[in-house]
Chemist: 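My questions will all concern the structure given below.
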Amino acid sequence: MNGDGNRKVTIMRISLLRRVSRAIALLGTLTSASASVLAQTSLIEQGRAALGRGETDSAVGILEKAVAQSPQSAEAHFALGSAYGNKAQASGMFGAPRYASKLKGEFEKAGALDPKYIEPRFGLVQFYASAPGIMGGSHEKALAQAKDLKAINPLAGHRAYAFIYTQQKKLDLAEKEYLEALREEPASPKAHSYFGQYLANSAKNYAAAFAEFESALKLDPQYMPAFYHLGRTASLANTNLARGEEALKQYVAYTPKESEPALANAQYFLGDVYEKQGRKAEARQAYMAALKLNPSLVKAGDALKRVS
C-alpha cells in the first residue's frame, strides 16, 4: 500500500477510535445537577456531571484531582479514563493518540485495582479492538480481555466477544455470541437489550430490535435503558414513532444511573421523533432541553436550527 493509502487507513482507524471513545466516555457519564447540589457531591460525581454537560476539560481537571486524592479508587480511575475518552474523541488526528493512551492507562489501573469491575474491562475491549496498532490496538489483547471478562461475568463476556467480532465484520459470530447469552440467561432484560442494540446498530434489523427491547421490558417493566434504546431505534428507523415517543417520555422522566444513556441524548431522540411526526413545536422544546443538559451536543443544535 502506498503512503496515501496508509494515511487513509490510519485516518479511518482514528475516526473509528473517536467513535469508540465517545461510546466509552458515555459509560462514565451521568446527568447534570445544579451547582448547589454539586458543591455537596464527591469529585467523581462532579466530574461525571461535567461530562454529562459536555464540559470535557473541566471533567478532566476534576477527575485528575479525584485520582490524586484517591489513587486506590478503581471508580476514580475509570471515570478519569472516560473523560480522556471524550477528550480523544474531540481531539484532532494528532491529539487523539495521546488521550487514547491515557484512557487505556486509566482503565488498566481501574481493572488492576478491582478485577471484577466490568466497565473498565469492557472499555479496554473496545479500545484494543478499535485502535490502530500504532496506538496500541490489538485484536489479540481484545480477545484476552474478553476471555477474562467472560470468566467474571458471562453476559459481559459474550457482549465483549460480540463487539470484537463486529469490528472484524464477522457479524455471524457476533450474533452467535448474543444468542448464546440469551440461551444462558433467557430471563435477563439486559441480554435482550444488548442484542436489540446490535440488531439496530449493526444488523439494521429494526423490527427484530424492537422485539428484543419489548422482551426486555416484558421481563422487567422498570429496565429503563430498554425504553431509551427502543425510542432511539424508532428515531433511526423512522418507524414505530408513537411507541418510540412513549418510551422516550418515560426515560426523560427518569434519573439515569452510572453507565446508562444520558438524558441529553434521550431528549435529542425525542425531538427527532417529534420532528419525524411533523410536530415542530414539540421537537423544538425537546432539542432545547437536550442543549440545556449538554450545550455541546452539536446534533441537537443543528436540529434546533432546522425546526426554528
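Just so you know, residue 1 is the first one in the sequence shown, and it goes up from there.
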Chemist: Does a side chain donor of either Tyr84 or Glu64 reach within less than 3.5 Å of an acceptor in the other side chain?
Modeler: yes
Chemist: Identify the two heavy atoms, one from Ala79 and one from Ile44, that lie closest to each other, and give their separation to 0.1 Å.
Modeler: CB-CG2, 4.2 Å
Chemist: Taking all heavy atoms of Ala74 and all of Asp114, pick out the closest pair and write down the distance.
Modeler: CB-CB, 3.8 Å
Chemist: Does any donor atom in the side chain of Glu180 or His158 lie under 3.5 Å from an acceptor atom in the other side chain?
Modeler: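 No.
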Chemist: Any donor-acceptor pair under 3.5 Å linking the side-chain atoms of Arg159 with those of Asn153?
Modeler: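 Judged by distance alone, the side chains do not pair up.
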Chemist: Only one of Phe213, Tyr251, Tyr268 clears ring-ring contact (aromatic ring centres under 6.0 Å, His included) with Tyr228; which?
Modeler: Tyr251
Chemist: Say whether Glu75 and Ser73, considering side chains only, have a donor N or O and an acceptor N or O under 3.5 Å apart.
Modeler: no
Chemist: Looking at every non-hydrogen atom in both residues, tell me the closest pair between Ala283 and Val307 and how far apart they are.
Modeler: CB-CG1, 4.5 Å
Chemist: Going by distance alone, is a donor N or O of one side chain under 3.5 Å from an acceptor N or O of the other, for Tyr99 and Gln89?
Modeler: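 Note: Tyr99 and Gln89 side chains miss the donor-acceptor criterion.
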Chemist: Check the pair Glu245, Arg279 against salt bridge (charged side-chain N to carboxylate O under 4.0 Å, His left out), reporting the backbone distance first and the verdict last.
Modeler: CA-CA 12 Å; Glu245 175 190 345; Arg279 297 156 63 184; 2.8 Å; yes
Chemist: Please confirm whether the ring centroid of Phe78 lies under 6.0 Å from the ring centroid of Tyr117.
Modeler: yes
Chemist: Quick check: closest heavy atoms across Val252 and Ala266, and the distance to 0.1 Å?
Modeler: CG1-CB, 3.8 Å
Chemist: Rounded to the nearest 0.5 Å, what separates atom CD1 in Ile164 from atom CD in Gln126?
Modeler: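 The CD atom of Gln126 is 10.5 Å from CD1 of Ile164, to the nearest 0.5 Å.
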Chemist: Using side-chain heavy atoms (C-beta onward) and a distance below 4.5 Å, is Asn265 in contact with Leu297?
Modeler: yes
Chemist: Does the pair Lys109/Glu106 count as a salt bridge with the N-to-O cut at 4.0 Å?
Modeler: yes
Chemist: Would you mind checking if Asp57 and Lys87 are paired as a salt bridge, meaning a charged N to carboxylate O distance below 4.0 Å?
Modeler: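 Yes.
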Chemist: Taking all heavy atoms of Ala209 and all of Thr233, pick out the closest pair and write down the distance.
Modeler: CB-CG2, 4.3 Å
Chemist: Report whether Tyr178 and Leu171 are members of the same hydrophobic cluster (ILVMFWY, side-chain heavy atoms less than 4.5 Å apart, transitive linking).
Modeler: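 Cluster IDs for Tyr178 and Leu171 match.
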Chemist: Are Tyr254 and Glu260 linked by a side-chain donor-acceptor pair shorter than 3.5 Å?
Modeler: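 The answer is yes; a qualifying pair exists.
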